[in-house]
2 protein chains.
Amino acid sequence: MTQIKESSTRNFNKGLSITACPVTYAINKIGGHWKPIILYHLMSGPKRYSELKRAIPAVTEKMLIQHLKQLQDDNLVIRKAENVVPPFVTYYLSEAGEDLTVVLNAMADWGLRDSKRYMKSA
Amino acid sequence: MTQIKESSTRNFNKGLSITACPVTYAINKIGGHWKPIILYHLMSGPKRYSELKRAIPAVTEKMLIQHLKQLQDDNLVIRKAENVVPPFVTYYLSEAGEDLTVVLNAMADWGLRDSKRYMKSA
DNA sequence: ACAAGTACTTACCCCAAAGTATGTAAGCGT
DNA sequence: ACGCTTACATACTTTGGGGTAAGTACTTGT
């Protein structure tokens with residue numbers, strides 16, 4: 001059995017994805033642990049798949065391509081593959097992705113400021 | 001058995017939380033689905049627990065207090081309880097929390113711009 | 001002949017995040 | 001005596017994000 005109440009939060013969330021809140025909208029696109037980090041690294045210019053992997057050692061290859069794909073689907077990054085062997089694939093920010101630099105830079109700035117706040121006062 | 005490689009990504013992530021990347025640092029504090037949304041709603045001034053709940057209908061009470069607690073632990077919001085019955089508890093942004101307005105506003109702005117991008121061109 | 005490099009794909013598993021549902025304390029109004 | 005309110009707490013279950021490990025295709029280097 002295990003019936004679910006018809007007015008459950010889950011159903012509510014499934015139904016109305018109309019996203020009243022712009023922050024919620026943004027979170028749905030760039031949320032998750034890896035997306036902001038990947039986007040941040042792409043801010044310094046186009047990168048190959050292997051370059052990204054080396055730049056973010058903590059990410060697994062599975063997570064990397066998975067999120068790169070989602071970012072493509074959300075029109076934030078563009079994939080350009082040259083038809084050679086060995087493969088040569090580069091990823092770079094789309095226009096919408098470039099617009100995120102403000103957000104990412106603000107995040108990075110805040111991160112630095114906040115971490116300093118607790119370095120002095122142990 | 002099911003031994004784990006000593007050089008696994010999991011071990012890597014556990015060990016070095018030194019956070020080389022400032023974005024990673026920020027994500028660890030304000031990441032997750034609900035925190036940015038909660039913080040965003042607190043930007044317009046102190047709010048009672050029940051006010052927050054009403055402002056964010058999609059969040060469950062469990063998630064709400066859980067994240068409010070984490071945000072307190074991370075020194076981003078402050079809880080003020082008046083000792084009356086029925087309880088009167090307000091949450092508001094700390095100094096570090098106020099500093100996030102730049103980030104949150106940038107996110108909200110981007111969210112609006114991005115959503116408009118896909119409203120016209122169906 | 002075989003390892004190495006590039007950019008993936010796939011199957012399997014685990015755990016933590018999130019949801020569901022219910023309970024609690026303390027007083028007020030009726 | 002009972003229900004209503006507020007701000008939580010908690011047991012129990014589910015979902016899916018993320019990690020592990022192995023495989024693929026194609027070519028170059030030795």
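Proteins come first, then strands; the chains are lettered A, B, ... in the order of their sequence lines, and each starts at number 1.
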Does a side-chain N or O from [X] land closer than 4.0 Å to OP1 or OP2 of [N], or not?
X        : N       : value
Lys69(B) : dA9(D)  : yes
Thr60(B) : dG19(C) : yes
Arg79(A) : dC8(C)  : yes
Tyr91(A) : dC8(C)  : yes
Ser50(B) : dT6(D)  : no
His67(B) : dA17(C) : no

Could you say whether Gly32(B) or Thr90(A) is positioned toward the 5' end of DNA chain C, judged by the nucleotide with the nearest heavy atom to each?
Thr90(A)

Over all strands shown, is [X] touching base, sugar-phosphate only, or nothing at heavy-atom distances under 4.0 angstrom?
X        : value
Glu61(B) : base
Val89(A) : sugar-phosphate
Ile65(A) : base

Taking for Pro87(A) and for His33(A) the nucleotide of DNA chain D with the nearest heavy atom, the one nearer the 5' end belongs to His33(A)

Which nucleotide wins on minimum distance to the side chain of Tyr49(B), given the candidates dA7(D), dA7(C), dG27(C)?
dA7(D)

For a quick test of reading the model, state the closest non-hydrogen atom pair linking Tyr40(B) to Cys21(A) and the distance between them.
CD2-SG, 3.9 Å

Send over the distance from Leu64(B) CG to dC8(D) P, rounded to a whole Å.
9 Å

Find the distance Arg48(A):CZ to dG5(C):P and express it as a whole number of Å.
13 Å

Would you say Gln66(A)'s side chain and Met63(A)'s backbone share a donor-acceptor pair under 3.5 angstrom?
no

One pair to check against salt bridge (charged side-chain N to carboxylate O under 4.0 Å, His left out): Asp99(B) and Arg117(A). What are the steps and the verdict?
CA-CA 12 Å; Asp99(B) 280 2; Arg117(A) 229 190 294 261; 3.1 Å; yes

